[in-house]
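What follows is one structure encoded as structure tokens, with my remarks underneath.
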Amino acid sequence: MSQQELVVDSGPSNGAVREGGRRRSPLGLVVTGVVGGSLVALYAVAAPFVAPALRKVCLPFVPATTAQVENVLRVLRTRSGTLVDIGSGDGRIVIAAAKCGFQASGLELNPWLVWYSRYKAWREGVHRSTSFHISDLWKASFAQYSNVVIFGVPQMMDQLELKLANELPSSAKVVACRFPFPTWVPESTEGEGIDTVWVYDAKTFQSDLHTGKTRNTSLEDEPDPHT
């Protein structure tokens with residue numbers, strides 16, 4: 001009999017087997033399986049959170065504060081129609097806007113956050129006036145939205161200026177949270193510190209674009225979402 005052949009130990013009945021003269025315990029196999037399965041599960045859960053961070057420019061998930069949500073709703077209190085939150089996270093801006101009468105949508109790369117947002121909207125009773133999409137903002141069209149909310153990062157704001165100026169209707173308003181747009185002139189602001197929001201009128205920044213006041217940033221320079 002070769003050494004590689006399995007021989008059942010005829011000693012005490014402890015369920016162990018020998019392979020090549022080495023004792024293998026079923027408990028060890030179970031532990032190995034549990035650890036391996038746990039690592040696979042951990043990767044499956046963590047991958048959607050980590051992958052966006054590997055991009056050149058990403059929207060990290062930092063939940064909006066209560067003051068930020070209130071400031072956004074305050075500057076949009078006379079507005080109506082469609083609203084989109086770019087980088088909608090756990091959906092709190094979209095859900096709050098829907099409760100104020102907007103037909104609100106959220107764009108988010110993280111599928112776990114999108115699914116949670118959908119559940120939360122259903123639980124809050126506004127699922128019929130909200131929608132959440134797993135979407136890359138650079139591939140999305142904003143032509144159908146009359147109100148845009150963005151919790152951006154400085155590295156992306158100049159490129160987003162050009163995209164929104166080219167796609168939004170002239171009646172649109174854009175609300176920037178945490179960081180203002182670099183060249184647009186806000187028509188108003190609300191709040192202070194990290195809770196500050198800046199409001200921009202599409203007619204103004206589209207006019208500036210056409211007259212050359214806005215920085216000449218090509219969409220060819222936009223971040224590669226797969227890098």
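Model, not experiment: these values are computed from the prediction. All residue numbers in this chain count up from 1 along the given sequence.
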Check whether any side-chain N or O of [X] sits under 3.5 Å from a backbone N or O of [Y] as a donor-acceptor pair, and report yes or no.
| X | Y | answer |
| --- | --- | --- |
| Asn110 | Gly89 | no |
| Glu190 | Asn71 | no |
| Thr82 | Gln144 | yes |
| Arg79 | Ser146 | yes |
| Gln68 | Gly191 | no |

Report yes if some heavy atom in the side chain of [X] is under 4.5 Å from a heavy atom in the side chain of [Y]; otherwise report no.
| X | Y | value |
| --- | --- | --- |
| Asp85 | Val72 | no |
| Glu161 | Thr183 | yes |
| Val75 | Lys173 | no |
| Pro186 | Val199 | no |

Does atom CH2 of Trp122 have more than 12 heavy-atom neighbours from other groups under 6.0 Å away?
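Counting neighbours around CH2 of Trp122, 12 or fewer heavy atoms of other residues, nucleotides or ligands fall under 6.0 Å, so no.
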Arg123 atom CZ, neighbour heavy-atom count above 12 within 6.0 Å:
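Enclosed: over 12 neighbouring heavy atoms sit under 6.0 Å from CZ of Arg123.
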Identify the heavy atoms of [X] and [Y] that sit nearest to each other, and give their distance.
| X | Y | answer |
| --- | --- | --- |
| Tyr145 | Ser141 | CE1-O, 3.8 Å |
| Ser135 | Ala140 | OG-CB, 3.9 Å |
| Lys163 | Phe142 | CE-CE1, 3.5 Å |
| Ala64 | Val69 | CB-CG2, 4.0 Å |
| Phe132 | Gly91 | CE2-CA, 3.7 Å |
| Cys177 | Val197 | SG-CG1, 3.7 Å |

Distance in Å, [X] [atom1] paired with [Y] [atom2], rounded so as to fall on 0.5 Å steps:
| X | Y | atom1 | atom2 | answer |
| --- | --- | --- | --- | --- |
| Met157 | Ile150 | CE | CD1 | 6.0 Å |
| Gln103 | Ser131 | CD | OG | 7.0 Å |
| Trp184 | Asp201 | CH2 | CG | 10.5 Å |
| Gln159 | Leu164 | CD | CG | 12.0 Å |
| Asp136 | Leu107 | CG | CG | 9.5 Å |
| His133 | Leu109 | NE2 | CG | 13.5 Å |

Is there a chain of hydrophobic side chains (I, L, V, M, F, W, Y, each step under 4.5 Å between heavy atoms) that links [X] to [Y]?
| X | Y | result |
| --- | --- | --- |
| Trp138 | Phe181 | yes |
| Trp198 | Val153 | yes |
| Leu162 | Phe179 | no |
| Ile134 | Ile95 | yes |
| Val185 | Leu168 | no |

If the threshold is 4.0 Å, N to carboxylate O, is there a salt bridge linking Glu124 and Lys120?
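No, no charged N to carboxylate O under 4.0 Å.
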Which one of Val175, Thr130, Leu76, Val148 satisfies the side chain to side chain contact (heavy atoms under 4.5 Å, CB included) criterion with Leu83?
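Checked Val175, Thr130, Leu76, Val148 against Leu83; only one passes side chain to side chain contact (heavy atoms under 4.5 Å, CB included): Leu76.
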Check the side chains of Glu108 and Ser117 for a donor-acceptor pair under 3.5 angstrom, ignoring hydrogens and angles.
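Glu108 and Ser117 do not have a side-chain donor-acceptor pair below 3.5 Å.
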On the 0 to 90° scale, with breaks at 30° and 60°, tag the Trp115-Trp112 ring pair as parallel, tilted or perpendicular.
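Plane angle over 60°, so perpendicular.
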